[in-house]
Amino acid sequence: MKLPSPLTVPLVALLTLAACGTSSAPAGDSPGSAPPAAPSAFSPASFDKALHDELIAMLARDQADREGTPQSESDQARTARLKEIISDHGWPTFALVGEDGGNAAWAIAQHSDQDPTFQQEALDLLRAAVAARQASPGNLAYLEDRVAVGKGEPQGYGTQIRCGPDGPVPTTPIRDEPEVERRRAEAGLPTLASYLAEMTTICAQDAN
């Protein structure tokens with residue numbers, strides 16, 4: 001399923017690890033995106049158009065893979081390249097690659113399930129970037145849940161959903177569920193009820 005345009009989800013809502021081994025990408029709603037800043041936690045960066053364009057192209061291949069169009073590049077290869085990028089530049093921030101480039105980097109990290117150690121490292125870097133207002137809080141919520149689900153732990157935001165016999169269900173339980181709507185709002189995510197309603201439609205389409 002094709003990704004929406006940048007910053008209309010966080011890019012992929014991901015039917016999760018348990019649904020189909022890799023990730024599906026349903027449509028979604030706007031994540032909370034903090035405005036760019038140049039805080040002291042990061043060295044000032046000039047926009048790198050070549051890196052931006054590379055990340056956008058990687059994301060296009062990632063999504064084509066998930067839509068059933070074979071690519072010469074695997075998830076593992078994209079993960080390896082993102083590792084190199086992070087080694088050279090740190091997390092790809094808004095200042096360095098723009099919001100869409102940062103979203104593309106996040107999507108590759110989100111699909112790096114085959115390398116949980118790197119996925120955890122990416123999560124830590126993304127968390128710091130969000131604190132510095134250089135990345136999307138919504139993307140952080142999705143990656144936090146992704147890493148938790150990969151460990152078999154409860155998720156904080158209910159973003160990782162699988163299609164069960166009776167419709168969408170969280171892949172792992174939601175931690176402190178009475179507070180999930182507050183956490184989602186703070187991350188700029190839509191309500192869990194609206195997200196599950198959207199997923200209900202997607203699950204019904206997939207079943208046909």
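Since the model is a prediction, treat every value here as computed from it, not as a measurement. Note: hydrogens, waters and symmetry copies are ignored here, and every other heavy atom, side chains too, is used.
Checking side-chain atoms of R146 against main-chain N and O of Q110 turns up a donor-acceptor pair under 3.5 Å. Here the side chain of S87 pairs no donor or acceptor atom with the backbone of K83 at under 3.5 angstrom. Side-chain atoms of T172 never come within 3.5 Å of backbone atoms of G152 as a donor-acceptor pair (strictly under, hydrogens ignored). Using a distance-only test at 3.5 Å, with no hydrogens or angles considered, no donor-acceptor pair links the side chain of Q155 to the main chain of P170. Under a 3.5 Å cut-off, the side chain of D48 and the backbone N or O of V97 do not form any donor-acceptor pair.
Sorted by first then second residue, the salt bridge (Lys or Arg N to Asp or Glu O under 4.0 Å) pairs that include residues 181-197, not counting sequence neighbours, are D176-R183, E179-R182, R182-E186.
A salt bridge links E144 to R127: one of the charged nitrogens lies within less than 4.0 Å of a carboxylate oxygen. Look at D65 and R61 and you find no salt bridge, because none of the NZ, NE, NH1 or NH2 atoms lies under 4.0 Å from a carboxylate O.
Annotation for W91 and G102: closest pair CZ2-O, 4.3 Å, computed over non-hydrogen atoms. The shortest non-hydrogen separation linking D113 to P116 is O-CD, 3.7 Å. The two residues G156 and I174 have their closest heavy-atom pair at O-CG2, 4.3 Å. The two residues P154 and A148 have their closest heavy-atom pair at O-CB, 3.5 Å. Contact record, G68 with P70: O-CD, 3.3 Å, taken as the closest heavy-atom pair. Nearest heavy atom pair, residue L192 against residue G158, reads CD1-O, 3.8 Å.
Placement of V130 and L125 within a single hydrophobic cluster is found when ILVMFWY residues are connected by side-chain heavy-atom separations under 4.5 Å, directly or transitively. Hydrophobic clustering, with ILVMFWY side chains joined whenever heavy atoms are under 4.5 angstrom apart, keeps I202 apart from V169.
Considering CD1 of I56 and CG of L51, their distance stands at 10.0 Å, rounded to 0.5 Å. Between the CD1 atom in I85 and the CZ atom in R81 there is a gap of 4.0 Å [rounded to 0.5 Å]. Atom CD1 of residue I108 and atom CE of residue M58 lie 4.5 Å apart, to the nearest 0.5 angstrom. Rounding to the nearest 0.5 angstrom, the gap separating the CG atom in L140 from the CG atom in D145 is 9.5 Å. Note: E99 CD to T93 OG1 = 11.0 Å, rounded to the nearest 0.5 Å. Within the model, atoms CD of Q160 and CG of L143 stand 9.0 Å from one another, a figure rounded to the nearest 0.5 Å.
Side-chain contact check for D124 and Q120: at least one donor-acceptor pair (N or O, by modelled atom type) lies under 3.5 Å.
Side chains of R66 and Q71 form no contact here, defined as non-hydrogen atoms less than 4.5 Å apart.
Ring planes of H52 and F47: tilted class, angle from 30 to 60°.
For F118, there are no ring pair (Phe, Tyr, Trp, His ring centres under 6.0 Å) partners at least two apart in sequence or on another chain. Residues passing the side-chain contact (heavy atoms from CB on, under 4.5 Å) test with Q114 are D75, Q76, T79, S112, sequence neighbours excluded.
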Could you walk me through whether V147 and E153 pass the side chain to side chain contact (heavy atoms under 4.5 Å, CB included) check? CA-CA 9 Å; V147 169; E153 297 174 353; over 6 Å; no
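Partner W106 forms a side chain to side chain contact (heavy atoms under 4.5 Å, CB included) with one of N139, L59, L82 and no other, that one being N139.
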